Novice: 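Structure provided below as structure tokens; questions to follow.
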Protein chains: 2
Amino acid sequence: MAAPDALAQRLADSGLRSTPQREVIYDVILRKRDHPTADEVYARVRADMPSISLATVYNCLETLVQCDLVRAVNFERAPTRYCPNLHPHAHFHDEQSGSIHDIQLPAELLEKISSVLPAGYDAKSVQITFRGSASSPRLESAERRGKAQPAA
Amino acid sequence: MAAPDALAQRLADSGLRSTPQREVIYDVILRKRDHPTADEVYARVRADMPSISLATVYNCLETLVQCDLVRAVNFERAPTRYCPNLHPHAHFHDEQSGSIHDIQLPAELLEKISSVLPAGYDAKSVQITFRGSASSPRLESAERRGKAQPAA
DNA sequence: GCAACAAATTGGAATGGTTCTAAGTAGCAA
DNA sequence: TTGCTACTTAGAACCATTCCAATTTGTTGC
Ligand SMILES: [Mn+2]
Ligand SMILES: [Mn+2]
Ligand SMILES: [Zn+2]
Ligand SMILES: [Zn+2]
């Protein structure tokens, strides 16, 4: 047995197998670090593996989410999107273009946010979503300075 | 013409009529200040108005949201819930009970949150959702002290 | 290698909240 | 009245997702 990559390792930890379908789906999500829907993942994966089924795409995405290799994110009631960024971060939904941008959150801010919870509330996760418009030119320079990661 | 109530006024401002259906739906949402789904609103409204249709409930809820009389809130891909609390606030989703609690946010924190956006990002709204568990006894006393409003 | 068994994939059907459509009803204006 | 528009309604349609039953694939013990 060869040295297992991160995916195979994480799957094995959960008693699951590394399959060609899971590998190509994980690759596709890591390659282009945007926030594709299951349909978009399906379309991209079919370039490499034309025989894969949409049901399998859904099954594999759920597996990857449960193994903490990918995050599922929802905006309103739109189709679920999948995010390869595992660090705690917020999302900015650009209503003009429909694109999603990751927004880094200082740990200090996360603490302040959690501290607004009254006694007795125990939050396992916090989700922060901005909605608005992002002007592209300034945006790109801000990203180049490392203030935010672009994500379609 | 008699003095119009808040609902009639707001509808008139948008060039819309105050109908019995819109009135009863708005009343039902204000009466019990939880976060009902359209189906739950439908069930409650039928007590007063058995002939109302579910399509009308959806139509009226959308109207109320567009007139800024009610807020629509989404959790994952669960059915949309409707919130009568118009002040800026976060939501705590208790995974055990499925109940939603309003969490008040200090204006100071809202400013800090918006300040994490890089230049070029213009947010029209921010949505903050906690997920976890809330222990009922402590919760009630915290609420009595005014730290949070209960909401089913 | 070969059974036996379990895990994973697959196509297609089903689900379910929401939206759409077309027909009917109700209120307002000339 | 008559017309005009807004509103409501029942049921069909939509569509992302889940479910199902059948097949394929992989693993384990011999
Ligand atoms: Mn959008
Ligand atoms: Mn829940
Ligand atoms: Zn992300
Ligand atoms: Zn609320």
Side-chain angles (χ1 to χ4, degrees), chain A residues 1-2 4 7-8 10-26 28 35-46 48-67 69-70 72-82 98 100, chain B residues 1-2 4 7-8 10-26 28 35-46 48-67 69-70 72-82 98 100:
Chain A
M1 185 192 291
L7 171 64
R10 209 58 94 71
L11 288 168
D13 290 351
S14 300
L16 301 173
R17 298 175 187 162
S18 183
T19 68
Q21 288 85 352
R22 287 172 178 165
E23 285 167 13
V24 68
I25 286 175
Y26 187 51
V28 149
H35 295 78
T37 63
D39 263 340
E40 286 163 355
V41 170
Y42 182 44
R44 293 177 197 176
V45 163
R46 282 213 282 187
D48 296 9
M49 185 182 279
S51 63
I52 199 171
S53 75
L54 180 57
T56 297
V57 171
Y58 274 102
N59 291 339
C60 293
L61 287 172
E62 189 187 347
T63 299
L64 294 178
V65 167
Q66 266 157 0
C67 291
L69 289 160
V70 166
V73 298
N74 288 281
F75 302 99
E76 319 282 88
R77 292 186 51 79
T80 300
R81 290 170 177 276
Y82 296 88
I100 311 298
Chain B
M1 183 190 294
L7 171 64
R10 209 59 93 71
L11 288 169
D13 290 351
S14 299
L16 302 174
R17 297 179 188 160
S18 184
T19 68
Q21 289 86 352
R22 287 172 179 166
E23 284 168 13
V24 68
I25 287 174
Y26 186 51
V28 148
H35 295 77
T37 63
D39 263 339
E40 286 162 355
V41 170
Y42 182 44
R44 293 177 197 175
V45 163
R46 283 214 279 185
D48 297 5
M49 185 182 279
S51 63
I52 198 172
S53 76
L54 180 57
T56 297
V57 171
Y58 274 103
N59 291 339
C60 293
L61 287 172
E62 189 186 347
T63 297
L64 295 178
V65 168
Q66 268 159 359
C67 293
L69 289 160
V70 166
V73 297
N74 289 281
F75 302 99
E76 320 281 85
R77 289 185 52 77
T80 299
R81 291 169 175 277
Y82 296 87
I100 310 299

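Proteins come first, then strands; the chains are lettered A, B, ... in the order of their sequence lines, and each starts at number 1. In this text the structure is predicted, and so the values were computed from the model without any measurement.
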Novice: Tabulate atom names and distances for all N/O pairs under 3.5 angstrom spanning the protein and nucleotides 12-18 of chain C.
Specialist:
residue: dT18(C); atom: OP1; partner: Thr80(B); partner atom: N; Å: 2.7
residue: dT18(C); atom: OP1; partner: Thr80(B); partner atom: OG1; Å: 3.0
residue: dT18(C); atom: OP2; partner: Tyr58(B); partner atom: OH; Å: 2.5
residue: dT18(C); atom: O5'; partner: Tyr58(B); partner atom: OH; Å: 3.4

Novice: Within a strict 4.5 Å, meaning less than it, do heavy atoms of the Ile25(B) and Ile52(B) side chains meet?
Specialist: yes
Novice: So what does Thr19(B) hit on the nucleic acid, given a heavy-atom distance under 4.0 Å: a base, only sugar-phosphate, or nothing?
Specialist: sugar-phosphate
Novice: So if I apply the side-chain contact (heavy atoms from CB on, under 4.5 Å) rule between Leu61(B) and each of Tyr26(B), Tyr42(B), Tyr82(B), which one comes out positive?
Specialist: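 Among Tyr26(B), Tyr42(B), Tyr82(B), the one meeting side-chain contact (heavy atoms from CB on, under 4.5 Å) with Leu61(B) is Tyr82(B).
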Novice: Search all heavy atoms of Arg77(A) against all heavy atoms of Thr80(B) and return the closest pair with its distance.
Specialist: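 So the minimum-distance heavy-atom pair works out to CD-OG1, 3.0 Å.
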Novice: Just one of Arg10(A), Gln21(A), Arg22(A) clears the side-chain contact (heavy atoms from CB on, under 4.5 Å) bar with Thr63(A), so which one?
Specialist: Arg22(A)
Novice: How about Leu16(B) and Cys67(B): do any of their side-chain heavy atoms sit closer than 4.5 Å?
Specialist: yes
Novice: Could you tell me which residues satisfy salt bridge (Lys or Arg N to Asp or Glu O under 4.0 Å) with Glu62(A), sequence neighbours excluded, listed by chain and number?
Specialist: none
Novice: Figure out the CD/P separation between Gln21(A) and dT9(C), and round it to whole Å.
Specialist: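 Spelled out: CD on Gln21(A) to P on dT9(C) is 5 Å.
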Novice: In whole Å, what is the span from the CD atom of Gln66(A) to the C1' atom of dT18(D)?
Specialist: 14 Å
Novice: What is the separation between atom OH on Tyr42(A) and atom C1' on dC15(D), rounded to the nearest whole Å?
Specialist: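 Result: 15 Å.
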Novice: Provide, to the nearest angstrom, the distance between the CG atom belonging to Leu11(A) and the P atom belonging to dG26(D).
Specialist: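 Atom CG in Leu11(A) sits about 15 Å away from atom P in dG26(D).
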Novice: How many whole angstroms separate atom CZ of Arg46(B) from atom P of dT8(D)?
Specialist: 17 Å
Novice: Considering non-hydrogen atoms only, spot the tightest contact between Val41(A) and Pro36(A) and give its length.
Specialist: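 In this case the closest contact between Val41(A) and Pro36(A) is CG2-CG, 3.8 Å.
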Novice: Is there a side-chain contact between Thr56(A) and the phosphate of dT9(C), meaning an N or O under 4.0 Å from OP1 or OP2?
Specialist: no
Novice: Which whole-number value in Å describes the distance from Leu16(B) CG to dG27(C) C1'?
Specialist: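 It is 14 Å, rounded to the nearest whole Å.
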Novice: So which heavy atom on Ser18(A) is nearest to which on Leu11(A), and how close?
Specialist: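 The answer is CA-CD1, 3.6 Å.
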Novice: To the nearest 0.5 Å, how far apart are CG in Leu54(B) and CZ in Arg46(B)?
Specialist: 8.5 Å
Novice: Can you tell me how far C1' of dG11(C) sits from CG of Asn59(A), to the nearest Å?
Specialist: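 About 12 Å, once rounded to whole Å.
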Novice: Give me the distances for all protein-to-nucleotides 28-30 of chain C N/O pairs that come in under 3.5 Å?
Specialist:
none

Novice: Rounded to the nearest angstrom, tell me the gap between atom CD1 in Ile52(B) and atom P in dC7(D).
Specialist: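 Result: 14 Å.
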Novice: For the side chain of Ser51(A), counting heavy atoms from C-beta on, which of dT9(D), dT8(D), dT10(C) is nearest?
Specialist: dT10(C)
